[in-house]
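For reference, the structure discussed in these notes is given below.
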Amino acid sequence: MTPEVIGIDLGGTAIKLGRFTADGTCLKSLTVGTPQPATPEAVIATMVDAIAQLDPLSEAVAIGVGTPGPADATRRIAKFAINLPGWVDVPLADALEAKVGKPTILDNDANCAGLGEAWLGTGRQFQNFILLTLGTGVGGAIFINNKLFLGHYGAAGELGLITFNPDGPMCNSGNKGSLEQHVSITAIRRRTGKEPSELSVLAQSGDAAALKFWQEYGRDLGIGLTSLIYVLTPQAIIIGGGVSASAEFFLPAAKAEIEKRVLPTSRVDLQILPAALGNSAGMLGAARLAWGMVERGKEDKEEKGDKRDGEVWGVGIGNN
């Protein structure tokens, strides 16, 4: 029997699950609605039911979960989720292990998307890159020398929470005027009253207002990326999330803004590219996280984040 793991992408409106082999082949997938309100108890119950549907014979050997917020350094506790009620220090891995009986590991959903892209997507060709996910919120992942950078206690890479405009809208993170508050789907709705897909259709038809909006959006995104480029000088910036489907309308403006604002020495051969895996990136990356745990054996729950040097447990991408 071919070993398999379960990758789970927990979102504010949907939970995506898949069963994956070690080469990333998806044997079966399932999407269920996130219960509302999305309290920890309700979400865990929904996950357990969905896992039973996805894997009725209990064949999977491990579970990886991407959550919409940082995990702790042990990758077992969901520290908080900005847009989910009651999600503070939720022992999600323990809860799933107790109810499903499979070793479980967690990470931020954007980190999982980054792992997916690094494993089987656009990131395969780069050792140093940034992934920015433009969705309901804005998440990020940083890869340095083929390793996912987690920083001190595992909370690095919250790229959407950097300050963009100190006088801008209040963010659920407590920051004011974060990048998320200007380039997320939520921000687009607030700014235009429309969905990104609607604005893309209008732009495709030549609507002047929609085209102007995407130009302004691209400019804002480019300004936000400027700070990240100066700090990290990546080989590539990969743009994922739902808004990336409209990249043709805003990426040229973002690139133009970066060229104006970033010294050539800090953007040598920089590429800005759309992500390749679409909505499957998160659960694929969560599966890669689970495979990393399987490959190294179940990690000691006592191990502390300050001994990990910012590396994700057991995950060696190895594409370069």
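Note that the coordinates shown come from a computational prediction; the quantities given were computed from them, not determined experimentally.
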Does anything in residues 187-207 form a side chain to side chain donor-acceptor pair (under 3.5 Å)? List the pairs, not counting sequence neighbours. Gln181-Arg190, Arg189-Glu195, Arg191-Asp220, Ser200-Ser246
Would the distance check show the side chain of Arg124 and the main-chain N or O of Trp119 forming a donor-acceptor pair, the cut-off being under 3.5 Å? yes
One thing to verify: whether Arg288 and Glu117 come together as a salt bridge, which I'm taking to mean a side-chain N less than 4.0 angstrom from a carboxylate O. no
Is there a side-chain contact between Leu148 and Leu150, using heavy atoms and a 4.5 Å cut-off? yes
Just by modelled atom types, is the Gln235 backbone N or O under 3.5 Å from a matching donor or acceptor in the Asn128 side chain? no
Using side-chain contact (heavy atoms from CB on, under 4.5 Å) as the criterion, list what pairs up with Thr226, not counting sequence neighbours. Tyr230, Ile258, Arg261, Val262
In one Ile/Leu/Val/Met/Phe/Trp/Tyr side-chain cluster, 4.5 Å: Ile77, Leu84: no
Using the rule that two of Ile, Leu, Val, Met, Phe, Trp, Tyr join whenever any of their side-chain heavy atoms come within less than 4.5 Å, decide whether Leu27 and Leu289 are in one cluster. no
pair Val243-Tyr217: side-chain heavy atoms closer than 4.5 Å: yes
Looking only at heavy atoms, which two atoms of Pro68 and Leu10 are closest? And how far apart? CD-O, 3.4 Å
With clusters defined by side-chain heavy atoms of hydrophobic residues (ILVMFWY) lying less than 4.5 Å apart, directly or transitively, does Leu284 cluster with Ile15? no
All pairs passing salt bridge (charged side-chain N to carboxylate O under 4.0 Å, His left out) where residues 6-33 contributes a residue, at least two apart: Glu4-Arg19, Asp9-Lys16, Arg19-Glu59
Taking a hydrophobic cluster as the set of Ile, Leu, Val, Met, Phe, Trp and Tyr residues connected by side-chain heavy atoms closer than 4.5 Å, whether directly or through intermediates, do Val65 and Leu277 fall within one such cluster? no
Does some side-chain heavy atom of Thr31 sit less than 4.5 Å from a side-chain heavy atom of Met283? no
Could you check whether any side-chain N or O of Ser184 sits under 3.5 Å from a backbone N or O of Ala187, counting only pairs where one atom can act as donor and the other as acceptor? yes
Taking C-beta and beyond as the side chain, do Leu92 and Trp87 meet within less than 4.5 Å on heavy atoms? yes
Which pairs count as salt bridge (charged side-chain N to carboxylate O under 4.0 Å, His left out) when at least one residue sits in residues 172-181, sequence neighbours excluded? none
Polar side-chain atom of Thr104 near backbone of Lys102 as donor-acceptor pair, under 3.5 Å: yes
Do Ile51 and Ile8 have side chains that get closer than 4.5 Å, going by heavy atoms? yes
Name each donor-acceptor pair under 3.5 Å that joins a side chain in residues 39-50 to protein atoms two or more places apart or in another chain, with its distance.
unit_1 : atom_1 : unit_2 : atom_2 : d
Thr39  : OG1    : Ala42  : N      : 3.3
Thr46  : OG1    : Ala42  : O      : 2.9

Sequence neighbours left out, what passes side chain to side chain donor-acceptor pair (under 3.5 Å) with Asn111? Give chain and number order. Asp107
Shared hydrophobic cluster for Ile188 and Val201 (ILVMFWY, side-chain gaps under 4.5 Å): no
Could you list all the side chain to side chain donor-acceptor pair (under 3.5 Å) pairs where at least one residue sits in residues 154-171, not counting sequence neighbours? Asn108-Glu158, Thr163-Asn175
Salt bridge (Lys or Arg N to Asp or Glu O under 4.0 Å) against Lys260, all qualifying residues, sequence neighbours excluded: Glu257
Do any pairs count as a ring pair (Phe, Tyr, Trp, His ring centres under 6.0 Å) and have a residue in residues 181-208, sequence neighbours left out, and if so which ones? Phe164-His182
Counting N and O atoms only, with roles assigned by atom type, does the side chain of Ser178 sit under 3.5 Å from a partner on the main chain of Leu161, one being a donor and the other an acceptor? no
Is the centre of the Trp214 ring less than 6.0 Å from the centre of the Phe250 ring? yes
Kindly indicate whether the side chain of Leu132, heavy atoms from C-beta on, has any atom under 4.5 Å from the side chain of Leu221. yes
With Gln215, which residues qualify under side-chain contact (heavy atoms from CB on, under 4.5 Å), at least two apart? Ala253
According to the salt bridge (charged side-chain N to carboxylate O under 4.0 Å, His left out) rule, which pairs have a member within residues 225-251, sequence neighbours left out? none
Distance col, row Leu179:CG vs Cys171:SG, nearest 0.5 angstrom, shows 10.0 Å
Sorted by chain and number, sequence neighbours left out, salt bridge (Lys or Arg N to Asp or Glu O under 4.0 Å) with Asp89 holds for Lys79
